[in-house]
Chemist: 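I have a structure here, written as C-alpha cells, and I will follow up with some questions on it.
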Amino acid sequence: MKAAVLFAQNQPLDVVDVDLAPPGPGEVRVRLAATGICASDWHTITGAIPSPTPAVLGHEGAGVIDAVGAGVGSVTPGDHVVLSWVPSCGHCRYCQDGRPNLCSVAAPALLAGTLVTGARRLSYQGDPLYHYSFLSTFAEEVVVDEASCVRIRSDVPLPVAALVGCAVMTGYGAVVNRAKVEPGSSVVIFGAGGVGLSAVMAAALSGARYVVAVDPVPAKRHLAAEVGATHAVDPGETDVGALVRSLTGGDGADTAIEAVGRTELVEQAFAVTRRAGTIVCVGVLPAGTSVALPGPDLVRHEKIVTGSLYGSSRPRTDMPRILDLYADGRLPLDRLVTRRYDLDDINTGFKDMLAGHLARGVVTFGGLT
Ligand SMILES: [Zn+2]
Ligand SMILES: [Zn+2]
C-alpha cells in the first residue's frame with residue numbers, strides 16, 4: 001500500500017509502497033477514507049516533538065474496518081470508525097476515574113513509535129518502520145489497537161469524521177469538558193486553526209455570550225466569525241485585553257483558551273481572564289520552555305490554569321456525540337475542511353498549512369469518499 005514516510009527529520013515525506021502486516025491479537029485493520037494534516041505532524045518532522053524515524057506519520061483519521069485480529073469484540077468489518085490516538089487500557093486509575101485521555105499505559109507511550117503492545121506492523125523493503133501516535137494515518141490502511149477504534153454512525157462524511165480524531169476533539173473538549181463553558185459567559189480563544197475554530201464552535205454551542213477569536217490570518221478570522229465568534233480580531237491591530245475588558249464591564253473573560261502553543265499567549269490568556277476564571281492550555285508548548293505568571297495575582301485572583309490533552313475526552317462518549325451534533329446541523333465541522341489533497345501531494349498540504357492558508361487540509365483516499 002501507499003504511505004507517506006518520514007525517513008529522517010527535516011526532510012519532505014516520501015510517498016512509497018510499504019508493507020502492512022495483518023492485525024495481531026487485539027488489533028484491527030482499517031481502510032482509511034481521510035486523514036487530516038495537523039501541526040503536531042509538522043513538529044515531528046522538524047524534531048520539536050521527538051518521535052523515532054523512519055516512520056509513517058499522521059494521527060487524525062477515519063475509515064472503515066477491514067479486518068480484525070483474534071479476540072477483537074467491539075468492532076467488526078464494515079464499521080465506520082474514528083481513530084483515537086490514546087488507545088486507553090480501561091484498567092488503570094485514570095481510565096477507572098473516567099479520564100482515559102490520561103491513561104497510564106497509552107499516554108506515556110504516545111511517541112514510542114509502536115502500537116500499545118510494542119508491536120510494529122509497518123515495513124519498507126523488509127525493514128520495520130515506526131508507527132506514529134499509535135496510528136500512522138498517512139497511509140491507505142492502518143493496523144491499530146482495537147482501543148484506538150471509536151465506532152461512529154455511517155451517514156456522516158468520513159473526511160469530517162477524520163477531523164474529530166484530533167483537532168475537533170481537542171478544541172471542543174477544551175471548551176466543553178475542561179472549561180465547562182456556561183451560557184452567558186465570555187470566552188477568548190487564541191488561534192483560529194482547526195483546534196481554535198473547533199473551540200469557537202463549541203463555545204457558541206455552549207451559549208457563550210461573547211466568543212472572541214484572536215488570529216493574525218484574515219481568512220481564519222473570517223471563518224471564525226462565520227462559525228460562531230462574536231468578535232474575530234487581529235492581535236496586531238486590536239488590544240485584546242482592552243476589548244475583553246470593555247465587553248465584560250472591566251472584569252475580564254470567564255475562560256481563555258490557548259490553541260497555538262506559545263508561552264507569551266499563555267501569559268496573555270492569563271492576563272485577559274477575570275478573577276477565578278479558567279485558562280485552558282491546548283497548544284503544546286515547545287520542549288524546555290516555561291511560562292511566567294505574575295506571582296501575587298496567581299494567589300489573589302484564584303485563577304485556574306490547566307492543560308487539556310485531547311480535549312480531556314472520553315473518546316467513545318464524546319466523538320459519536322460530536323458527530324450527532326454535526327449531523328443535527330449544530331456544529332458546522334465541514335467548514336474546517338479547507339482543501340483536499342491526494343496522498344502524493346501531502347507535502348503541498350504542509351506548505352499550505354505553514355503559509356496559514358488552511359483551517360484544515362485533508363488527504364482523502366480513493367474509494368471511500
Ligand atoms: Zn493533531
Ligand atoms: Zn488506562
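Order of appearance sets the numbers: ligands from 1, and atoms from 1 within every ligand. Starting from 1, each residue takes its place in the sequence as its number.
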Chemist: Between Val217 and Trp42, is there a shared hydrophobic cluster once you connect ILVMFWY residues whose side-chain heavy atoms come closer than 4.5 Å?
Modeler: no
Chemist: So, at under 2.8 Å, which protein N, O or S atoms would a careful student list around the Zn ion (ligand 1)?
Modeler: Cys38 SG, His59 NE2, Cys166 SG
Chemist: Please lay out, stage by stage, how Tyr124 and Phe7 fare under the test ring-ring contact (aromatic ring centres under 6.0 Å, His included).
Modeler: CA-CA 10 Å; Tyr124 174 65; Phe7 282 102; 5.3 Å; yes
Chemist: Quick one: the SG of Cys95, the Zn ion (ligand 2), SG of Cys92 angle, rounded to 10°, please.
Modeler: 110°
Chemist: Against the six-membered ring of Phe365, is Arg31 placed for a cation-pi contact (under 6.0 Å from the centre, within 45° of the normal)?
Modeler: no
Chemist: For Arg209, I'd like to know if atom CZ has over 12 heavy atoms of other residues, nucleotides or ligands within 6.0 Å.
Modeler: no
Chemist: Output every pair passing salt bridge (charged side-chain N to carboxylate O under 4.0 Å, His left out) with a member in residues 162-187, not counting sequence neighbours, ordered by first then second residue.
Modeler: none
Chemist: Does the distance from a Lys or Arg side-chain N to an Asp or Glu carboxylate O, for Arg274 and Asp254, drop under 4.0 Å?
Modeler: yes
